[in-house]
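These notes are about the structure you will find just below.
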Amino acid sequence: STTSIVPTAKEASGDFSDSSTAVIDPTTGTPFPGNVIPPNRISTIASQFLKLFPAPNASGQGYNYLNSMQQTTTEYQVVGRIDHAVSPKWRTFGRYSIDSTSLYQPGNLPLFGLNNDMAVQNVALGMTYTLSPNTILDMHIGYNRENALNISQQVGKQTVASFGITGLNLSDDPSVDGVPSAVIQG
């Protein structure tokens, strides 16, 4: 479980009258009257962003939202090895392994989780040849391949475009899709 602070219904509508921290009007540098942001001053982008936040569901020291979603992991592994004695002096082996893992990591808030998919493959070949009672030739070669993909739950939903944010090169590329980072200070 993770905890977060999410806006209350009043805060999401611009009413911060219950807060002891003054909300400053960026155009005048003075606090909004009554600590309430007028509805016409809340940007459409901010309104869209606020729709992603769930309603508070808990109360505690420093948080008002509890996300109890659990991490899930699905994994399989296959390893195979063959050893062969070509002669009393010559031995060979071959090995192949694959490990495939799918992991879901929930975020602090619903819809902000991360899907991690990873596949690792490894192949190795080896040969040992006895040249004399005191000398051996031992040769190995291997290849390792890893493919990892981490995707936000928001990928494919064109979230940025739906917010009305313009001027970005939007595509189906997972590196540019999803929810933009936002930091609220104050």
Side-chain angles (χ1 to χ4, degrees), residues 1-6 45 48-54 57-58 60 62-63 65-185:
S1 296
T2 59
T3 59
S4 300
I5 298 174
V6 296
I45 294 171
Q48 292 295 321
F49 194 73
L50 284 167
K51 291 178 184 178
L52 295 174
F53 286 92
N57 67 1
Y63 69 91
Y65 183 78
L66 175 67
N67 185 357
S68 58
M69 294 180 71
Q70 298 296 312
Q71 177 174 305
T72 58
T73 304
T74 304
E75 180 175 18
Y76 74 87
Q77 293 180 336
V78 176
V79 178
R81 177 178 169 132
I82 297 174
D83 289 276
H84 179 65
V86 178
S87 73
K89 291 184 170 189
W90 183 13
R91 297 187 173 275
T92 63
F93 82 90
R95 181 188 71 232
Y96 175 77
S97 64
I98 185 169
D99 182 341
S100 180
T101 305
S102 291
L103 170 71
Y104 169 71
Q105 295 174 298
N108 288 354
L109 302 172
L111 305 177
F112 288 86
L114 191 62
N115 295 304
N116 302 294
D117 293 319
M118 186 166 77
V120 178
Q121 294 175 303
N122 176 271
V123 64
L125 302 170
M127 176 199 86
T128 303
Y129 189 80
T130 304
L131 298 169
S132 72
N134 295 328
T135 308
I136 64 168
L137 173 63
D138 192 25
M139 297 175 27
H140 295 259
I141 187 169
Y143 177 75
N144 196 63
R145 177 180 168 197
E146 182 175 310
N147 185 17
L149 184 61
N150 301 317
I151 301 176
S152 162
Q153 282 183 272
Q154 293 296 313
V155 167
K157 297 181 180 177
Q158 295 296 323
T159 308
V160 171
S162 72
F163 281 11
I165 299 173
T166 59
L168 301 174
N169 180 16
L170 301 175
S171 69
D172 291 330
D173 181 352
S175 67
V176 296
D177 197 9
V179 178
S181 294
V183 177
I184 301 170
Q185 296 178 338

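All values reported here derive from a predicted model rather than from experimental measurement.
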For Tyr104, check side-chain contact (heavy atoms from CB on, under 4.5 Å) against everything at least two apart and list the hits. Met69, Thr72, Pro106, Asn115, Gln153
Can you see which heavy atom on Asn150 is nearest to which on Leu114, and at what distance? C-CD1, 4.1 Å
Output, in order, the C-alpha distance, side-chain angles, deciding distance and verdict of side chain to side chain contact (heavy atoms under 4.5 Å, CB included) for Asp83 and Thr92. CA-CA 6 Å; Asp83 289 276; Thr92 63; over 6 Å; no
Arg81 CZ: over 12 foreign heavy atoms closer than 6.0 Å: yes
Is there a donor-acceptor pair closer than 3.5 Å between any side-chain N or O of Thr130 and the backbone N or O of Ser132? no
Please assess Arg95 against Val123 for the test side chain to side chain contact (heavy atoms under 4.5 Å, CB included), listing each intermediate value before the final yes or no. CA-CA 6 Å; Arg95 181 188 71 232; Val123 64; over 6 Å; no
Looking only at the side chains, is there a donor atom on one of Thr101 and Asp99 sitting less than 3.5 Å from an acceptor on the other? yes
Does a donor on one side chain sit under 3.5 Å from an acceptor on the other, for Arg145 and Asn122? no
Nearest 0.5 Å, please: how far is CE in Met118 from CG in Asn147? 10.0 Å
Give a yes-or-no answer on whether the side chains of Tyr96 and Gln121 include a donor-acceptor pair shorter than 3.5 Å. yes
Would a distance-only check, ignoring hydrogens and angles, find a side-chain to backbone donor-acceptor pair under 3.5 Å from Asn57 to Leu66? yes
If only atom types and distance count, is the side chain of Gln70 paired as donor or acceptor with the main-chain N or O of Ser68 below 3.5 Å? yes
So do the side chains of Met127 and Arg91 get within less than 4.5 Å of each other, counting heavy atoms only? no
Is there a side-chain contact between Leu109 and Pro54 in this structure, where contact means two heavy atoms from C-beta onward sitting under 4.5 Å apart? yes
Derivation of the side chain to side chain contact (heavy atoms under 4.5 Å, CB included) call for Tyr76 and Ile98: CA-CA 8 Å; Tyr76 74 87; Ile98 185 169; 4.3 Å; yes
Considering only heavy atoms from C-beta outward, does the side chain of Thr3 approach that of Asn108 to under 4.5 Å? no
Answer yes or no: is there a donor N or O on one side and an acceptor on the other, between the side chain of Asn67 and the main chain of Gly107, under 3.5 Å? yes
Should the pair Phe93 and His140 be assigned to parallel (<30°), tilted (30 to 60°) or perpendicular (>60°) ring geometry? tilted
Taking the side chain as C-beta and beyond, is there a heavy-atom pair between Leu137 and Thr128 under 4.5 Å? no
Does Ile141 have more than 12 heavy atoms from other residues, nucleotides or ligands lying within 6.0 Å of its CD1? no
All heavy atoms of Tyr63 vs all of Ala58, minimum pair found to be CE1-CB, 4.0 Å
Is there a side-chain contact between Leu52 and Phe112 (heavy atoms, below 4.5 Å)? yes
